[in-house]
Amino acid sequence: MALTAFTSRLGRSQGRLATSKATSGNYAFVLGDDEPGRFFELARGDYAEVTQETDLTDIMLVRALLRLRVPASTPNGFAWEASLVVDGTKCARMRAQADRERLVTDLAANVSKLSGLHTIGMRLELVAA
């Protein structure tokens with residue numbers, strides 16, 4: 001499908017989104033566009049990230065619980081990578097191929113050597129498979 005000004009956009013339906021399915025603190029985290037019929041041509045290394053400053057004093061692990069659903073339209077040779085980042089560095093990551101959905105319960109970063117305020121976050125990135 002050729003992308004046009006009518007089918008391609010980036011921004012309004014990307015990032016951390018509250019959706020009708022987002023209940024009790026659950027949100028969709030989208031790279032590209034979440035609205036049906038809207039597409040964006042992504043390149044390797046494109047990512048969406050959400051971060052926050054957190055006091056990591058006396059914290060051993062930062063964990064993520066997520067469901068990763070990779071679009072069937074992901075080009076051959078590419079995968080989606082979900083990663084926990086601490087101060088901009090990927091500390092834990094996992095990958096999934098096109099047209100897959102996976103419940104991720106074991107993504108954790110060891111932060112036991114850190115104390116004080118640090119920026120932690122979640123990154124969703126298009127990577128080479």
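Just so you know, these numbers come straight off a predicted model, no measurement behind them.
Residues V86 and L56 share a closest heavy-atom pair of CG1-CD1, 4.5 Å. Taking all atoms of both residues into account, the shortest heavy-atom contact from Q97 to F78 is OE1-O, 3.8 Å. Pairing each heavy atom of A98 with each of A72, the nearest pair is CB-O, 4.3 Å. Nearest heavy atoms, A128 versus R95: O-NH1, 3.0 Å. Closest heavy-atom contact between T57 and G116: OG1-N, 2.9 Å. Summarising the geometry of A92 relative to A108, their closest heavy-atom pair is CB-O, 3.2 Å, with the distance given to 0.1 Å.
We find that K90 and E81 are joined by a salt bridge, their nearest charged nitrogen and carboxylate oxygen being less than 4.0 Å apart.
Atom CG of L124 is separated from atom CG of L68 by 6.5 Å, given to the nearest 0.5 angstrom. With rounding to the nearest 0.5 Å, the separation of CD1 in I59 from OG in S112 is 11.0 Å. In this structure, CG on L103 lies 7.5 Å from CG on L66, to the nearest 0.5 angstrom. The CG atom of D55 sits 11.0 Å away from the CG atom of L114 when rounded to the nearest 0.5 Å. In this structure, CG on L117 lies 5.0 Å from CD on E53, to the nearest 0.5 angstrom. Taken from CE in M122 to CD in Q52, the straight-line distance is 13.0 Å, to the nearest 0.5 Å.
Applying the salt bridge (Lys or Arg N to Asp or Glu O under 4.0 Å) test to every pair with at least one member in residues 99-112, sequence neighbours left out, gives these pairs: R67-E101.
In this structure, Y47 and L126 have side chains that are not in contact, with every pair of non-hydrogen atoms separated by 4.5 Å or more. Within the 4.5 Å cutoff, side-chain heavy atoms of L84 are placed close to those of L107. Under the 4.5 Å side-chain criterion, counting only non-hydrogen atoms from C-beta, E49 is not in contact with E125. With contacts defined as side-chain heavy-atom distances shorter than 4.5 Å, the pair I120/V85 does not qualify.
Distance alone, capped at 3.5 Å, places no donor-acceptor pair between the R123 side chain and the T51 backbone.
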